[in-house]
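Input: one structure, supplied below.
The sequence lines fix the lettering, A, B, ..., with proteins before strands; numbering per chain opens at 1.
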Amino acid sequence: MEDYLKGLNDEQLKAVLHEDGPLLILAGAGSGKTRVITLRAVHLLKTGKAMPYNILGVTFTNKAAREMKERIKRALANGSGNVSGGEPEFSTFHSFCLKLLRRHADLIGYERSFVVFDEDDSSKTVAKIIKSLNLNEKIITPSKAKYFIEKNKNSFINAEGSFSTVRAWEKDYPVIYSEYSKRLKENNAMDFNDLLFNAVKLFQDNPQVLEKYSNLYKYIMVDEFQDTNYIQDKLIKILAGKHKNICVVGDDDQSIYSFRGATIDNILSFEKTYPSCAVIKLERNYRSTKNILNAASAIVKGNKMRKDKTLKTDKKSGGSAITVYNANNDYSESYYMAKEIRRLIREDGYSNKDIAILYRANSQSRVIEDRLIKESIRYNIYGGLKFYQRKEIKDILSFLRFAVNPKDLLSFERSIQCVPTGAGEKTIKTMQDIASNSGESILTALEKGLFSSIRGLKELKGAEKQPDIFSGFDISDFSKSVPAAASASAAAAPSQSDVSGIANYFALIKKIKSEIESAVKGWQNTNETVAAAAEKKGRAAEAVAGSGNLATDNKLPDIINFVYKFSGYESMLKAGVSKAVELDANRMDNIEELINASVEFDDITEFLDQSAINDNRDEQDGDTAAGSDITKVSLMTLHSAKGLEFPVVFIAGLEEHLFPHIRSLDNELSVEEERRLCYVGITRAKEKLYLTWSKRRRTGKDYKYNMPSRFLKEIPEELIEEITDTYEYY
DNA sequence: TTCTCTAAAATTTTT
DNA sequence: TTTTAGAGAA
């Protein structure tokens, strides 16, 4: 038997050796499904059934995609047989679709320079639409409207779809959806849901493109299949339609994304779609102790909507008891965790990297972080306010985004507001209206002289036919003007600064644009076959690894640095904009980090793309973090913990109204989802599990009193060791 | 019309 | 505790 197949149990082996035809793997928590998926890819490669570019693996998080790529790489490196032709494609649904659309967006009526709107961008757009339609903002909220749009996009229903079923009080939503689609198109922008939607549309409308990709991706594997929604399932089925070599892995007990449209039906109907499919169950758990497994099973058994099954383990002894900590308030809850972490390290030989603290809501992290800082326990926080969502990062990037895609009105608005131009809401709106009414981008409108009525630009009359007029301006003006503006009174609005301000902004943008154009080669692989491109990419990667540096012409860090300096952002932060000095220092650090992160990209589009959909802080940290991770405790939500495992797991905030969350209580189905979430959390633990709750918790400015979570009562008492706070710690 | 200061609101989960 | 909205000042 080949080396890489050793140590697998019968079911795992069967799954790994399965070659052609559809395959459904029902894999319980900790049953080694990642290992199975990666080894299956390795097997296909080693036996020559597939070239690396013939394999497509789809996951939900970038973390999981990276992990699988790494494992395959390691397995291949260890073995004897050499496999050439690069690496298999393992990516998230969203990044896979984005790559696809970057190549073919023109076929569905987009420019290839389209931008990706993140949640923040699309919320803002929806809010603007609601305002412009004069709807009652109390009743029609952006979040409800967004939900409507999302729901329909996920069901592959476009804005022209039939909404005859909407109730009378919902009649405004289709109108908003329609306007939203129009605006996104005008901005040459796609939101997260469009990535999926448009990928499906691309394949449906262009059979020749579909043909090309279905021949390329002969083997498709989907991880966490229980979390796919309608359109994701559709995409995969279209793509796998020809070869039908589709392998999906899922566990109905770990379905925790129904709020995003995920449906368990995709698993249930898989066997109907592919009657010939093989079904393999992985029920042996290799991860957790008996006690942990029993507690998890006891909880998930409370769900009515599930396939009955029990995870088995070979472990003889039960392992440590599960610790339940009853805290008096959230401060002492954190204090207990910090104290216990120190004890685990001191007495039980664990290190920080073995430990994770999980919680239901991101807002819980602050109190915990404060405590860990006080106790000098190093930690790494995942999720929460993502790096690329930070104000200063979005500000700086908005200049780049606007320069790359001059139709992006949102980035135009954002970038111009970063700079003291003297142009405010009104002026910006006027320019946006002129541009969209004439069907031009902002920059074209400017060059055609359409902004001659704008204060600050009209003085330049007669110059509009010379596009390089702005090159004469001293573009360092913004950094100079900052201290004056900061010193309040004097520099309010003298007309001279008006003129230079707004014109200088455009000069700055033009300069960025020309820098980008001279530095970055666009997507020129139109005429290449996809396979050739993939192969080339593989070789390029090898070349980089071999020679050390290939990206010698990477000017991205220079360009970002240029924006940072000449927009006056740097001097603004140095002069101190916010009350707290640390906050400004922090922002400067973040921008430094942005510049560092950009070093790894030689294509600005790729850089901007990953800033929208690959928003993983740890990924950004690269080597340094991989090294420092070892010394850090992990903090994350229960959702983002899925797929991971830790020797020691703390789950904080097991209270009614927090976990299960209050917003899930009106609906038995969503309580069941909370219960599955709890199951996911518990099964992350290998050796020790701590469940904590707090009688009193500070939310905002006042306190809330909660009862212990129903989930705590569902765990058999004999598995639990209870500790109760004897004091209140602040 | 833009900028600044003060008061009020805000907290589910993610690509 | 931090971010946003609205009112008043320049």
Problem set entry | Nucleotide B:dT12, atom P - distance to CZ of A:Arg366 in whole Å | 14 Å
For this session: Would you check if A:Phe259 stacks with the base of B:dT13, given a 5.5 Å centroid limit and a 30° plane limit, both strict?
Result: yes
Exercise. What's the CG-P distance between A:Asp370 and C:dT2, to the nearest Å?
Worked result: 9 Å
Exercise. Between A:Phe192 and A:His661, who's closer to the 5' end of DNA chain B by nearest nucleotide?
Worked result: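 The answer here is A:His661.
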Exercise. Which is true for A:Phe93 with a 4.0 Å heavy-atom rule: it touches a base, it touches only sugar-phosphate, or it touches nothing?
Worked result: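 Contact class for A:Phe93: none.
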Exercise. Between B:dT14 and A:Thr637, is there an OP1 or OP2 to side-chain N/O distance shorter than 4.0 Å?
Worked result: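 Yes, A:Thr637 has a side-chain N/O under 4.0 Å of OP1/OP2 on B:dT14.
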Exercise. B:dT14 P sits how many Å from A:Asn154 CG, rounded?
Worked result: 17 Å
For this session: Verify whether one side chain among A:Thr637 and A:Ser640 offers a donor that lies under 3.5 Å from an acceptor in the other.
Result: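 A:Ser640 and A:Thr637 do have a side-chain donor-acceptor pair below 3.5 Å.
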Exercise. Looking at the side chain of A:Ser363, which of B:dT11, B:dT12, B:dT15 is the nearest nucleotide?
Worked result: B:dT11
Exercise. What about the rings of A:Phe259 and A:His639, do their centers lie closer together than 6.0 Å?
Worked result: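 Ring centres of A:His639 and A:Phe259 closer than 6.0 Å.
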Problem set entry | Separation of A:Asp121 CG from A:Ser411 OG (nearest 0.5 Å) | 6.5 Å
Exercise. Taking for each residue the nucleotide of DNA chain C bearing the nearest heavy atom, is the 5' side occupied by A:Lys391 or by A:Arg698?
Worked result: A:Arg698
Exercise. Do the side-chain N or O atoms of A:Arg360 get closer than 4.0 angstrom to the phosphate oxygens (OP1, OP2) of B:dT13?
Worked result: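 No, no such contact exists.
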Exercise. For DNA chain B, what string of dots and brackets results from 5' to 3' when Watson-Crick and G-U pairs need both distances under 3.5 Å, crossing pairs get [ ], and pairs with another strand get |?
Worked result: ||||||||||.....
Problem set entry | Whole-Å distance separating the OH atom of A:Tyr388 from the C1' atom of B:dT15 |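 Rounding to the nearest Å, OH of A:Tyr388 and C1' of B:dT15 are 16 Å apart.
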Exercise. When rounded to the nearest 0.5 angstrom, what is the spacing between CZ in A:Phe711 and CG in A:Leu654?
Worked result: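 Spacing of CZ (A:Phe711) from CG (A:Leu654) equals 8.0 Å.
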Exercise. When you compare B:dT11 with C:dG6, how far apart are their P atoms, in angstrom units rounded to a whole number?
Worked result: 15 Å
For this session: Could you tell me the separation between the CD atom of A:Glu392 and the C1' atom of C:dT2, rounded to a whole number of Å?
Result: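 Nearest whole value for this atom pair: 14 Å.
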For this session: Name the orientation class of the two ring planes belonging to A:Phe148 and A:Tyr177 (parallel below 30°, tilted from 30 to 60°, perpendicular beyond 60°).
Result: perpendicular
Problem set entry | Centroid-centroid distance, A:Tyr217 to A:Phe96, less than 6.0 Å | yes
Exercise. What do you reckon, are the aromatic ring centroids of A:Tyr230 and A:Phe156 less than 6.0 Å apart?
Worked result: no
For this session: Tell me whether the OP1 or OP2 atom of B:dT15 has a side-chain N or O from A:Asn62 closer than 4.0 Å.
Result: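 It does not, given that no N or O in the side chain of A:Asn62 lies less than 4.0 Å from OP1 or OP2 of B:dT15.
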For this session: Return the value, rounded to whole Å, for the distance between atom CG of A:Asn586 and atom P of C:dT2.
Result: 11 Å
Exercise. What is the distance, rounded to the nearest whole Å, between atom CD of A:Glu369 and atom P of C:dT1?
Worked result: 14 Å
Exercise. Heavy atoms under 4.0 Å, any strand shown: does A:Glu119 hit a base, just sugar-phosphate, or nothing?
Worked result: base
Exercise. Nearest nucleotide by nearest heavy atom, which residue falls closer to the 5' end of DNA chain B, A:Thr427 or A:Ser640?
Worked result: A:Thr427
Exercise. Under 4.0 angstrom, heavy atoms only, what part of the nucleic acid is A:Asp118 near: base, sugar-phosphate, or nothing?
Worked result: nothing
Exercise. Can you check the A:Met190 CE to B:dT15 P distance for me, whole Å?
Worked result: 20 Å
For this session: Under the side chain to side chain contact (heavy atoms under 4.5 Å, CB included) rule, collect the residues that match up with A:Ala64, sequence neighbours excluded.
Result: A:Thr59, A:Thr61
